[in-house]
Amino acid sequence: MSELYEKIYAIIRKIPRGKVATYGQIARLAGMGSHARLVGYSLHALTSEKRVPWHRVVGAGGKISLDGEGYAAQRKILESEGVEFNEKGNIPLARFGWVK
DNA sequence: CATATGACGTGAC
DNA sequence: AGTCACGCCATAT
């Protein structure tokens with residue numbers, strides 16, 4: 001496993017319960033500038049054994065980047081942690097965004 | 001080695 | 001608010 005992935009996972013594991021972080025934010029914290037796409041790619045390659053709270057990672061503006069079942073599943077988990085969604089179906093980062 | 005692809009982000013229309 | 005195009009780059013084929 002590449003060291004880059006481990007770094008990304010380590011950062012995601014720091015996200016506190018009830019908060020969410022964006023791909024771009026993670027990319028910056030990992031020192032990869034604005035390569036948010038790679039963060040998403042690494043999460044896609046994630047396995048359950050890593051025990052990474054991938055559900056706390058959302059797209060810019062608090063939008064979930066998954067569709068259909070994926071969206072429903074992630075939303076359900078987040079709501080169970082206390083994260084709320086607005087009428088548009090995304091998360092108000094002003095309140096739930098992770099502040100490092 | 002050459003292309004295609006994607007759990008993104010941003011800007012144009 | 002919805003679509004489309006493009007930059008970015010590690011992986012996959």
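To find a chain, count down the sequence lines: A is the first, B the second, and so on, and within it residues start at 1.
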Please list residues of residues 89-100 of chain A whose heavy atoms come under 4.0 Å from any atom in DNA chain C, ordered by number; otherwise none. none
Taking all heavy atoms of A:I26 and all of A:A21, pick out the closest pair and write down the distance. CD1-CB, 4.2 Å
Is there a side chain to side chain contact (heavy atoms under 4.5 Å, CB included) between A:L46 and A:L43 once you walk through the steps? CA-CA 5 Å; A:L46 190 55; A:L43 276 189; 3.8 Å; yes
Near-strand residues of residues 15-37 of chain A, defined as heavy-atom separation under 4.0 angstrom from DNA chain B: A:Y23, A:G24, A:A36, A:R37
Pairs flagged by side-chain hydrogen bond (donor to acceptor under 3.5 Å, both in side chains) wherever residues 56-81 of chain A is involved - sequence neighbours left out: A:H55-A:E81, A:R56-A:E81, A:Y71-A:R75, A:R75-A:E79
Nucleotides bounding contact with chain A, strand DNA chain B, heavy-atom threshold 4.0 Å: B:dG6 to B:dT10
Would you say that A:W98 contacts A:L29 through its side chain, given a criterion of any heavy-atom pair below 4.5 Å between the two side chains? yes
Scan residues 6-25 of chain A for pairs that pass side-chain hydrogen bond (donor to acceptor under 3.5 Å, both in side chains), counting only residues two or more places apart or in two chains. A:E6-A:K50
Output every pair passing salt bridge (charged side-chain N to carboxylate O under 4.0 Å, His left out) with a member in residues 89-100 of chain A, not counting sequence neighbours, ordered by first then second residue. A:E84-A:R95
Working for side chain to side chain contact (heavy atoms under 4.5 Å, CB included), residues A:Y5 and A:V52: CA-CA 11 Å; A:Y5 279 19; A:V52 174; over 6 Å; no
Scan for salt bridge (charged side-chain N to carboxylate O under 4.0 Å, His left out) pairs involving residues 30-45 of chain A, sequence neighbours excluded, and state none if there are none. none
Non-hydrogen atoms of A:S42 and A:V39 that approach each other most closely: OG-O, 2.7 Å
Any residue of residues 56-80 of chain A with a heavy atom less than 4.0 Å from an atom of DNA chain B: A:G59, A:A60, A:S65, A:L66
Is DNA chain B part of any stem, that is, at least 3 consecutive Watson-Crick or G-U pairs with both distances under 3.5 Å, and where? B:2-6 with C:9-13, B:8-13 with C:2-7
Between atom CD1 of A:I91 and atom CG of A:L78, what is the distance when rounded to the nearest 0.5 Å? 5.0 Å
Kindly give the heavy-atom pair with the smallest separation between A:I8 and A:A30, and that separation in Å. CG1-CB, 4.4 Å
